[in-house]
Amino acid sequence: MQILTRNEAKHRAAHLHVSAIDVVVDIRDAQDTANPTYPVASTLTMSSDEERTFIDIAGEVTGVLLNGQAHPFDDDNDRVWVGGLPVGQTFTLEIRALARYSRSGEGLHRYTDPEDGEVYLYTQFEPNDAHRAWPCIDQPDVKPEWTFHVIAPAGWVVSSNGVETDVEEVEGSGALRHDFTATRPLSSYITAIVAGPWAVIDGGTWRGGASDGGHAELSLRLLCRRTLERYLDSDDVFEVTRAGLDFFHERYGVTFPWGSYDQVYVPEYNLGAMENPGCITFNENYISRSTPTFSERQRRANTTLHEMCHMWFGDLATPSWWDDLWLKESFAENQGASAIATATRYVGEWANFAMNRKIWAYTQDQMPTTHPIAADIPDVAAAKTNFDGITYAKGASVLKQLVAWVGEDAFYEGARRYFAEHQFGATNLQDLLVALEGASRQELSSWKSAWLETSGPSTLSASWVTDNVGAITDFILHQSGDACDGALRPHRVTVSTWRVAAGTLERTHSFDVRIEGEAAAIDPEGVLSVPGGAARADLVVVNDDDLTYAISRLDERSTDVALAYVGTIDTAITRAVIWASLWNAVRDGLLDPRRFIAAVLTAVPTETEPAIRDRLLLFVSEALSSFLPGSLRGHVHDQVLATTIRLSRETEDSDAWRSYTRAFIAEFAARGAQEHEATVRGFAASDDPDIAWRARRALAARGLVDTGAIEAWRNADGSGEAARMSVEALASLPLEEARSQAWEAVYSESLSNDFLTATLAGLNASSWDGESGIDSAVERLRSYWESHTIGMALRYANGVLGYGLDIDREGSVERSVGLLRGWLDAHGDAPAQLRRIVLEHLDAFERDERVQRRWKHDQ
């Protein structure tokens with residue numbers, strides 16, 4: 001496999017122009033899963049000022065035609081080189097090939113539904129896997145118009161980027177040919193087809209336009225496997241979709257140019273979703289066979305609007321190369337959250353962002369592998385590992401700060417200028433800055449340097465002096481750049497003061513503060529210096545409203561008050577900011593995890609924002625398993641089990657019941673407890689498939705069921721979800737034979753992407769005390785990486801290294817910290833992206849060890 005480099009892509013784009021690509025994909029025999037390939041042909045209309053170039057194709061090339069005549073070629077490992085091109089003229093180049101169906105989620109993926117035996121196909125390409133499905137110029141700055149023709153079995157539904165114009169029978173075959181309209185200029189990584197006996201849910205037509213005077217009439221459809229149709233709550237999806245289309249048309253000034261709006265929920269997906277215009281694909285895990293909770297619907301809504309934003313940021317105006325990946329992902333992350341909070345029922349989305357996505361950013365940004373938002377991406381392999389918390393969540397947070405700094409009106413005016421100037425083109429950072437500077441009338445080069453070209457989080461804190469009558473003086477906001485190479489960034493933040501009154505925290509004052517150096521006055525007017533002005537400050541919240549990207553530190557008094565009373569604050573975003581500050585303190589070894597867990601268990605019963613409640617329960621699990629040594633876990637473990645099952649039994653809220661029950665089962669799976677076994681067995685017999693399979697996997701991990709029971713559950717269910725979950729349960733059995741079979745399956749090449757992940761998750765969840773197999777799996781990291789697609793290699797590496805550390809368990813530190821240090825020393829010449837993954841897991845292990853030792857010595 002050859003990896004496309006930035007220099008190669010730049011050279012190719014400079015010397016050729018591709019105006020159109022016509023693709024014929026013949027999948028009429030796709031239901032024969034013994035057949036690994038399908039015929040495909042791409043006809044490129046192009047010109048070149050060089051006599052020789054290459055076309056990307058990861059298949060067996062069967063012929064090349066230049067202007068309709070057979071032409072010689074060199075097939076060179078994912079590339080076909082063609083010489084003798086008519087320099088300076090427009091010509092057609094047809095590449096015919098046999099491409100392979102995928103089970104890795106890359107290229108054209110084929111899935112067989114175990115419930116009814118039906119076959120489904122979908123494509124997934126980012127960053128450059130389009131050439132796994134059809135010949136093309138597989139780089140983002142080459143944007144031809146695409147026309148797709150798909151020959152598929154009769155009875156199948158086919159969707160693509162264009163609008164279907166004609167369906168006709170292929171003579172003598174019983175198959176049908178589906179023809180689609182030509183797209184507007186489009187990058188290869190967002191071309192798409194899906195095909196299969198999909199269930200189709202019609203959402204009617206959305207009509208509207210933007211300030212450019214355009215008008216769109218979009219047919220809204222949802223597609224999913226037939227066996228999932230009855231579980232898809234389509235009314236909610238369509239409601240969010242319509243709200244998003246209204247939101248983005250009002251703000252972006254360019255009418256939706258892509259013609260249709262299919263949203264397709266696909267199996268065995270490597271991502272959450274993909275923004276293929278006209279044919280947006282989503283992970284079918286967004287469909288629940290149980291009743292979806294408010295938080296689950298909110299996550300789906302976020303993803304829905306994230307992908308919709310991409311129709312403009314990414315699809316309409318496309319980053320020229322993956323260095324500027326943030327130009328689409330950071331914007332979609334930010335604008336998706338803004339749209340959902342503004343235009344839908346999920347008004348607490350920014351609190352959800354602060355508690356979930358932003359924590360991802362802080363975690364990623366403190367690793368030794370962190371990088372600037374505007375990253376250096378030399379090739380597409382580096383791009384694949386840059387779809388991370390920096391590019392998504394940090395970038396989105398920085399954009400939220402930019403909006404606060406220049407104002408919302410200026411931000412959207414800049415976006416409209418950007419789209420008007422660069423629609424259907426390829427762009428870079430400077431293009432966007434020119435548009436934003438013109439709209440805001442502010443110089444942004446220093447902002448760019450501070451925010452986009454440095455790495456690591458800023459740290460903000462406050463200090464003050466209180467006199468004997470409660471007046472506050474010398475109220476100062478401090479900025480430290482120690483965690484970001486000394487960078488002192490411009491921040492606009494809200495600092496608030498709070499007091500406890502009748503057992504409740506009440507805000508007393510709120511200050512709008514700008515800081516560009518090490519310090520800034522919070523109260524320059526001296527409001528708090530008047531005796532009794534603050535009537536004491538029990539809690540000071542830095543970065544209230546979560547406007548900027550910085551780790552905010554609470555002082556000692558504020559920490560104590562927050563742990564006791566944060567749940568009484570009536571503003572969700574403030575609660576989220578405080579919980580995030582407390583969690584960062586836990587991760588940094590500044591706050592005892594036991595105090596944090598106790599505070600969470602006290603606060604969650606009254607938490608009104610479902611996303612905060614659910615995230616807090618996940619924090620409890622991580623705090624217990626990662627930041628406490630084994631010798632200190634027992635009492636806390638018992639406390640978590642007792643509290644979550646009590647709350648599960650007491651609550652009348654079905655969403656809260658599911659959250660507490662999941663937390664209880666997860667904690668039982670991690671450490672077990674004999675007195676709760678009967679309760680978990682009861683959940684395993686539940687009619688709710690989500691709860692039942694969680695309980696079954698928990699029982700398996702504790703060795704409380706056998707292979708026969710798991711297989712009986714799987715056979716009684718029969719669904720694709722049951723197949724995947726049973727694979728995880730079987731791999732988690734703490735039995736030598738079960739583990740041996742699981743590792744054998746990992747290396748057998750027989751597992752799909754989802755089954756590989758499930759198997760490795762089961763192996764890591766097992767309570768097995770014998771030989772783990774991890775040493776051998778780590779030793780195989782490099783060989784696996786170099787012999788598999790990057791999607792499968794990422795799943796293998798992260799799955800193999802997904803185990804935990806306990807400084808009180810013999811050999812645990814050696815198996816984690818020591819093993820990975822040894823691997824890095826022995827593989828200095830390993831691929832940079834693989835070394836990055838190992839370094840990140842090593843960093844997490846070292847943090848766990850450091851924090852565990854801190855509290856072991858302080859018990």
Side-chain angles (χ1 to χ4, degrees), residues 240 243-244 247-248 251 272-273 286 293-310 313 326 328-366 373 387-405 408 411 451 457-458 460 491-494 541-552 566 569 571-584 587 607-619:
V240 169
F247 178 93
F248 291 122
R251 286 158 178 79
Y286 285 113
T293 66
F294 185 89
S295 292
E296 288 167 338
R297 296 195 304 273
Q298 182 171 339
R299 283 196 295 274
R300 183 179 61 206
N302 177 287
T303 303
T304 299
L305 297 186
H306 176 113
E307 303 310 321
M308 186 180 290
C309 173
H310 275 313
F313 277 109
W326 80 281
K328 69 185 194 74
E329 295 303 346
S330 298
F331 279 84
E333 186 91 350
N334 174 277
Q335 290 292 281
S338 183
I340 189 174
T342 304
T344 77
R345 70 180 68 184
Y346 305 105
V347 295
E349 179 59 19
W350 280 119
N352 179 32
F353 180 86
M355 287 286 286
N356 285 279
R357 306 294 281 182
K358 203 166 185 180
I359 295 296
W360 177 33
Y362 290 140
T363 301
Q364 187 89 50
D365 210 13
Q366 294 178 81
I373 295 172
F387 288 81
D388 60 14
I390 306 299
T391 301
Y392 281 73
K394 179 180 179 180
S397 303
V398 168
L399 289 176
K400 188 177 184 182
Q401 172 59 198
L402 177 63
V403 173
W405 192 264
E408 188 173 275
F411 176 81
W451 278 111
S458 304
L460 298 178
H491 302 265
R492 181 181 183 183
V493 300
T494 302
V541 180
V542 174
N543 196 27
D544 200 349
D545 300 325
D546 203 33
L547 296 179
T548 198
Y549 175 79
I551 290 178
S552 55
V566 60
I569 293 175
T571 308
I573 190 65
T574 305
R575 297 197 303 275
V577 167
I578 293 171
W579 281 119
S581 293
L582 293 170
W583 177 247
N584 281 320
R587 292 189 71 251
E607 178 54 59
T608 57
E609 190 65 39
I612 294 180
R613 177 197 62 220
D614 293 354
R615 183 59 166 169
L616 286 173
L617 291 169
L618 292 176
F619 280 161

If the condition is salt bridge (Lys or Arg N to Asp or Glu O under 4.0 Å), which residues does [X] pass it with, not counting sequence neighbours?
X: Glu296; value: Arg662
X: Asp614; value: none
X: Lys358; value: Asp546
X: Asp544; value: Arg507

Close side-chain approach of [X] and [Y], heavy atoms under 4.5 Å:
X: Gln401; Y: Trp451; result: yes
X: Arg299; Y: Asn356; result: no
X: Asn352; Y: Ile340; result: no

- Task: Might you work through the side chain to side chain contact (heavy atoms under 4.5 Å, CB included) test for Thr344 and Gln298, ending with a clear yes or no?
- Result: CA-CA 10 Å; Thr344 77; Gln298 182 171 339; over 6 Å; no

- Should the pair Arg575-Glu609 be classified as a salt bridge under the 4.0 Å nitrogen-to-oxygen rule?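 Answer for the salt bridge query: no.
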
- Item | Parallel, tilted or perpendicular, as decided by the 30° and 60° cut-offs, for the rings of Phe331 and Phe411 | parallel

- Item | Positive for side chain to side chain contact (heavy atoms under 4.5 Å, CB included) with Asp388, one of Lys394, Glu329, Gln364 | Gln364

- Message: When you measure from the side chain of Thr363 to the backbone of Ile359, do you find a donor-acceptor pair of N or O atoms at a distance under 3.5 Å?
- Response: yes

- Is there a donor-acceptor contact under 3.5 Å from the side chain of Arg492 to the main chain of Ala404?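 Here the side-chain-to-backbone pair exists.
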
- Query: Could you state the interatomic distance from CG (Asn543) to OG (Ser458), rounded to the nearest 0.5 Å?
  - Reply: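 Here the rounded value is 10.5 Å.
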
- Task: Enter the distance from Trp350:CH2 to Asp545:CG here, rounded to the nearest 0.5 Å.
- Result: 12.0 Å

- Contacts of type ring pair (Phe, Tyr, Trp, His ring centres under 6.0 Å), residue Tyr362, not counting sequence neighbours: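 Partners of Tyr362 under the ring pair (Phe, Tyr, Trp, His ring centres under 6.0 Å) test: Tyr549.
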
- Any chance you could lay out the side chain to side chain contact (heavy atoms under 4.5 Å, CB included) test for Met355 and Phe619, step after step, and finish with the verdict? CA-CA 10 Å; Met355 287 286 286; Phe619 280 161; 3.9 Å; yes

- Item | Sequence-distant partners of Ser581, side chain to side chain contact (heavy atoms under 4.5 Å, CB included), two or more places apart | Ser552, Leu554

